Amino acid sequence: MNADTCTCGKCRCEHRFRPIAVFDSGVGGLSVLRAIRQQLPAELVLYFADQGHVPYGPRSLKEVRAFSETITRFLLAQGAKLVVVACNTASAAALHYLRQAFPDVPFVGMEPAVKPAAEHTQTGVVAVLATPATFQGALYASVVERFANGVTLLQHTCPGLVAQIEAGNLDAPATRAILEAALLPMLAKGIDTVVLGCTHYPFVIPLIQQIVGPNVRVIDPAPAVARQVGRLLQAAGMRNPGPGSATLRFFTSGKADRLASLLPRLLGEGGPVRQVQWTRDSGRLSLEVI
Ligand code: DGL
């Protein structure tokens, strides 16, 4: 059965068989897509990597919001039924705005997992690793205000780490040096939990765990985000009933062959990768497939 053949009039098949969309500045959102694939294997997925603009972290919230809005329009034009903003920086810059601009579209975004960290810390000292833009956004301020509850949060922006991960350097000496510079002083201050507030960072969890040791808990929010995607699809009657393993399609504003070469390692599977190009016409941003 497909959207064209179902005539029951009760379900929303025309939505159920459409893809979900996942976007990030680059390969970071693949850490979220990995969890979505495990929990929702029947869903078709469109993944958008804005590798022409990565990293987002040092950019202004206004600029990241403009990119996020244009990417969202592009993905909706490709038929997306739900959009996962699989990027903490884009969520900080644009999630609230996107929900207002596209009121009929379900969005799932990222926020640093301060809540579970504050609930479970024994020492009361928690590390949060995220980009400068994420720390500047109102979303982070609101999470801290609501959930930090007397817990000391030590923040670090890990300059250069996103670039290392984009290059596939998941255990290179330079990557270790960035993480040690961030984490060793925090360990000395008694952290027992590390919150990964950037979707690129789960790819270096093995390295982080080597540096902080087995007694420090590292929180990857991806499984919780994937559960939220499943809940929203279910509630809206838009969950793809399957069966089978659905296809993935990728778009990048960087080099298609570079993204394709990283997919097996970061995601464990691949799919067709199309290159897209940013254009600006009278100040208005748009995207086209090339
Ligand atoms: N993966 C992104 C995040 O979660 C963006 C990192 C970047 O482009 O700076 O924040």
Side-chain angles (χ1 to χ4, degrees), residues 18-30 32-33 45-110 130-140 157 159-163 165-167 198-200 248-263 271-290:
R18 277 162 39 191
I20 62 173
V22 178
F23 81 86
D24 178 48
S25 61
V27 297
L30 296 174
V32 179
L33 177 53
V45 182
L46 306 174
Y47 184 89
F48 190 105
D50 192 10
Q51 292 173 301
H53 290 136
V54 68
Y56 275 3
R59 294 176 186 271
S60 73
L61 293 170
K62 189 172 168 219
E63 188 178 26
V64 175
R65 184 163 61 232
F67 296 155
S68 301
E69 179 180 0
T70 307
I71 293 167
T72 299
R73 283 191 199 289
F74 174 83
L75 291 167
L76 292 175
Q78 304 289 324
K81 63 183 174 184
L82 175 148
V83 178
V84 184
V85 185
C87 173
N88 289 79
T89 309
S91 297
L95 187 58
H96 182 68
Y97 173 80
L98 292 173
R99 286 190 169 129
Q100 286 185 333
F102 305 95
D104 298 333
V105 179
F107 285 93
V108 178
M110 310 294 303
T131 68
T134 294
F135 285 131
Q136 279 157 29
L139 191 58
Y140 182 66
T157 58
L161 185 55
V162 166
I165 294 167
E166 284 289 318
C198 168
T199 53
H200 280 74
L248 305 176
R249 285 161 54 207
F250 299 86
F251 298 94
T252 178
S253 58
K255 294 261 180 288
D257 52 351
R258 262 201 58 221
L259 177 60
S261 71
L262 281 170
L263 290 175
V273 183
R274 303 289 304 272
Q275 202 156 320
V276 296
Q277 180 173 287
W278 284 98
T279 55
R280 192 182 282 275
D281 189 10
S282 327
R284 195 179 155 79
L285 280 172
S286 64
L287 282 161
E288 63 192 42
V289 178
I290 50 177

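Treat the numbers as computed from the prediction; the structure is a model and nothing was measured. Side-chain atoms are counted along with the backbone in the values below, which use heavy atoms only and exclude waters and symmetry mates.
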Sub-4.5 Å side-chain heavy-atom contact between V45 and L33: yes

Any side-chain heavy-atom pair of V32 and V108 under 4.5 Å: no

Smallest separation among heavy atoms of V22 and A86, with atom names: CG1-CB, 3.6 Å

Inter-residue atom distance L287.CG - F48.CZ, 0.5 Å rounding: 4.5 Å

Side-chain heavy-atom pair D24, Y47 within 4.5 angstrom cut-off: yes

Short N-O contact, R65 and E69, less than 4.0 angstrom: no

Contact check, side chains of V85 and F107, non-hydrogen atoms, under 4.5 Å: yes

Qualifying residue for side-chain contact (heavy atoms from CB on, under 4.5 Å) with T252, from V276, D257, L259: L259

Sidechain-backbone polar pair: R73 side chain, S286 backbone, donor-acceptor under 3.5 Å: no

Distance, nearest 0.5 Å, that separates CD of Q100 from CG of L95: 10.5 Å

pair L30-F250: side-chain heavy atoms closer than 4.5 Å: yes

Side-chain donor or acceptor of S91 paired with backbone N/O of G109 under 3.5 Å: no

Spacing of F74 atom CZ and L285 atom CG [to the nearest 0.5 Å]: 14.0 Å

Minimum heavy-atom distance between A260 and V273, given as atom pair plus value: CB-CG2, 3.9 Å

Interatomic spacing from NE2 in H200 to OG in S25 - rounded to 0.5 Å: 4.5 Å

Heavy-atom check, side chain of E288 versus side chain of T279, under 4.5 Å: yes

Atom pair OG1/CG of T89 and L139 - distance to nearest 0.5 Å: 11.0 Å

For the student: nearest non-hydrogen atoms of T70 and A66, plus distance: OG1-O, 3.0 Å

Side-chain touch R274/R249, heavy atoms, less than 4.5 angstrom: no

Pairwise distance CG(D50) to SG(C87) - rounded to 0.5 angstrom: 9.5 Å

Residue pair C198 / A130: nearest heavy atoms and the distance that separates them: CB-CA, 4.5 Å

Distance-minimising heavy-atom pair for E166 and G28: OE2-N, 4.3 Å

Derivation and outcome, side-chain contact (heavy atoms from CB on, under 4.5 Å), residues V83 and L98: CA-CA 10 Å; V83 178; L98 292 173; 5.9 Å; no

G52 versus S253, closest heavy-atom pair with distance: N-OG, 2.8 Å

Any donor-acceptor N/O pair, Q275 side chain to A256 backbone, under 3.5 Å: yes

Side-chain heavy atoms of W278 within contact of I71, under 4.5 Å: yes

Heavy-atom donor-acceptor pair, R59 side chain to H53 backbone, under 3.5 Å: yes

